[in-house]
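The structure displayed is predicted, hence computed values, not measured ones. Throughout, a chain's letter reflects where its sequence line sits, starting with A, and its residues are numbered from 1.
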Amino acid sequence: MTIRCRIAPSPTGPLHIGTARTALFNYLFARHVGGTFILRLEDTDVARSTVEYERDILDGLHWLGIAWDEGPEVAGQAARGPFGPYRQMQRLPLYAEAAERLLREDKAYPCYCTPEELAADRFASEVAHRPPRYVGRCARLIAAERRAREAEGRKPVIRFRVGEGSVAFDDIVRGRVEFNVDALGGDLVIVRSDGTPLYHFTVVVDDAAMAITHVIRGEDHLSNTPKHILLFRALGAEVPDFAHLPLILNADRTKMSKRKSQTAMADYIAQGFVREALVNYLALLGWSSGTEEEIFTLDEIAGRFDLSRVQQGGAVFDRERLEWLDGQWIRRLSPDELVERMAPFLTAALAVRRAEGAVVRDPSEAELRSLVPLVRERLPVLGAIGSLVDFLFLEDVTVEPDLLVPKRWDVAQALDGLAQARRVIADVGAVSFEADEIEPPLRALCEARGWKAGDLFMAIRVAVTGRTTAPPLFDTMVALGYERTLARLDAAREGLAAVA
RNA sequence: GCCCCCAUCGUCUAGAGGCCUAGGACGCCACCCUUUCAAGGUGGAGAUCAGGGGUUCGAAUCCCCUUGGGGGCACCA
């Protein structure tokens, strides 16, 4: 029997980091064992589902490189796989048929309780310090009683009889887990009064119909599992194996939430994290290779992945570590790859400056390429590109006169130093304007004057970039270009002279 | 309240009875490299393995209890 697992996101919000991680683990498991990975959209919460969220989720998974073997039609691409449709709202007849069967076999029954009655029940159990549980008011109605309620115009929900006893299963990551059916909250609603099916029901009907052999999901589903097992049995279906993954946590160790953490995958993408790093990081949240290596590609992880090496305790999401990994992966990108990926971020950053009123020029392809050595070691995320090199593309940089004067120098010396530097740099000429050509004469100048090279270089750096921290000076000047470098040197000198 | 799960440096983790005076990584602190910032290198601080009982010649590893934390208990998924 081929191994089949799935990710079943609900398009009621943007792709969540936790969903991405669960999808990743399912994908890795399937790849490792040569099984089939399925994507199924659980869109039965019509009120909250949107096509925008659906797009966001599918795009995000695709961006991460998590490809599914079977799944719904997307963006003009046909649905894939023999178990479709893969969108629950298109599977309504299946649920209706399954519910009908349970009703016929008296494993489920129509319940006419009103929301008000149920709320009152809930309140009563709360007051009595009893766990909330359906009291079973409609569990034993006779036909005439049902007809009477129908006659009143009440639209029933369908409840599944959970029965009694206990349910046990062997979780792949947690071992044997046992639940007493009493603690399940009573007979559960599987179909709403409007006829649409509920999560616990659809997930089981579909996992059964799609021949899912392994259900790999977050630990928050652990206590739902007995309900699912009971439903599998009632439906006469094979019960799959379960693996409940540890939760991803906020810094305070509660379940990762939008309120306390950045949870939307799209936000990480927008900030310029690279897919390799996100995949690598997410895989390491709850799984480890057992070796001391930790930089892995998706394929490398798939080769090593094993559910038995999944951690049982929750894992706090550590953005610092993610950024470190991101830097690692950015440094591993080829120059072409880096150019391609950082270009949109630079463009966006420059657009912002332009909108603020700055005069900005657009980098050429060649310029972009020349940026690579300046930035590759300095980007924790691609989105940092703007703050790193935007000064190269701004018509004017604002130079704080104070900063032009190194600590050991006074204004007169700074003026002199900049003038001498300007002369030396000009002498290099436009044709041989390269780092190796610029540095020696400037050092010679320092030598001749008895200046510390670092002092002169700092003055030049500020003059040319407008700031005290920047990429390596000579490469920066080359990137700026001969003319612009001289112009900024002149402007800085004038600015300093004006306030002196 | 009830049920279930979990528990090794601040964080992610290695550890499946002796190899542990507990290893690695992020972060932090020094130093080196160095024109700034990074990157890189070296070193350091940081965990009485939540606490207490057992089992065993021997326990971070097995069992029990306590404590702490988390998750779940919808006509949400």
Query - Those residues that, when tested against A:Ser257, pass side-chain hydrogen bond (donor to acceptor under 3.5 Å, both in side chains) (two or more places apart) - result: A:Asn250
Query raised in the report: Looking at A:Phe317 versus A:Tyr268, is the centre-to-centre ring distance below 6.0 Å?
Result: yes
Report task. Please identify each residue that fulfils salt bridge (charged side-chain N to carboxylate O under 4.0 Å, His left out) with A:Glu337, with sequence neighbours left out. Result -> A:Arg341
**Report entry** Sugar-phosphate, base or nothing in reach of A:Gln311, heavy atoms under 4.0 Å
**Finding:** sugar-phosphate
Query raised in the report: What salt bridge (charged side-chain N to carboxylate O under 4.0 Å, His left out) pairs are there with at least one residue in residues 455-470 of chain A, not counting sequence neighbours?
Result: A:Asp390-A:Arg467, A:Arg408-A:Asp455
**Report entry** Counterpart base for B:A30, defined by Watson-Crick or G-U wobble contacts under 3.5 Å
**Finding:** B:U42
Query raised in the report: Quick one: side chain to side chain contact (heavy atoms under 4.5 Å, CB included) partners of A:Arg449, sequence neighbours excluded?
Result: A:Asp416, A:Gln420, A:Leu445, A:Trp451
**Report entry** For A:Ser125, side chain to side chain contact (heavy atoms under 4.5 Å, CB included) partners two or more places apart
**Finding:** A:Arg130
Query raised in the report: Among residues 370-390 of chain A, which residues get a heavy atom nearer than 4.0 Å to RNA chain B?
Result: A:Glu377, A:Arg378
Requested in this report: Pick base, sugar-phosphate or nothing for A:Arg48, based on heavy-atom distances below 4.0 Å to the nucleic acid.
Outcome: base
Query - Sugar-phosphate, base or nothing in reach of A:Arg217, heavy atoms under 4.0 Å - result: nothing
Query - B:U8 versus B:A50 - spacing of their P atoms, nearest Å - result: 6 Å
Query raised in the report: Do any pairs count as a ring pair (Phe, Tyr, Trp, His ring centres under 6.0 Å) and have a residue in residues 160-185 of chain A, sequence neighbours left out, and if so which ones?
Result: A:Phe169-A:Phe242
Report summary line: Residue set satisfying side chain to side chain contact (heavy atoms under 4.5 Å, CB included) with A:Thr19, at least two apart, ordered chain then number -> A:Ile7, A:Pro9, A:Leu15, A:His16
**Report entry** Near-strand residues of residues 244-259 of chain A, defined as heavy-atom separation under 4.0 angstrom from RNA chain B
**Finding:** A:Leu247, A:Arg253, A:Thr254, A:Lys255
Report task. Please list, by residue number, the residues of residues 5-12 of chain A whose heavy atoms come closer than 4.0 Å to an atom of RNA chain B; answer none if no residue qualifies. Result -> A:Ser10
Report task. Please tell me which of A:Ala470 and A:Thr114 maps to the more 5' nucleotide of RNA chain B, matching each residue to the nucleotide holding its nearest heavy atom. Result -> A:Ala470
Report summary line: Note: chain A reaches RNA chain B at heavy-atom distances under 4.0 Å over the stretch, first to last nt, 5' to 3', of B:G1 to B:A77
Query raised in the report: Can you name the residues that form a side chain to side chain contact (heavy atoms under 4.5 Å, CB included) with A:Arg488, not counting sequence neighbours?
Result: A:Phe391, A:Val397, A:Leu480
Report task. Give one of base, sugar-phosphate or nothing for A:Glu178, where a contact means two heavy atoms less than 4.0 Å apart. Result -> sugar-phosphate
Report task. Answer yes if the ring centres of A:His200 and A:His228 are under 6.0 angstrom apart, and no otherwise. Result -> yes
Query - Residue whose nearest RNA chain B nucleotide is more 5′ - A:Arg331 or A:Val177 - result: A:Val177
Query raised in the report: Which part of the nucleic acid does A:Gly286 contact within heavy-atom distance under 4.0 Å: base, sugar-phosphate only, or nothing?
Result: sugar-phosphate
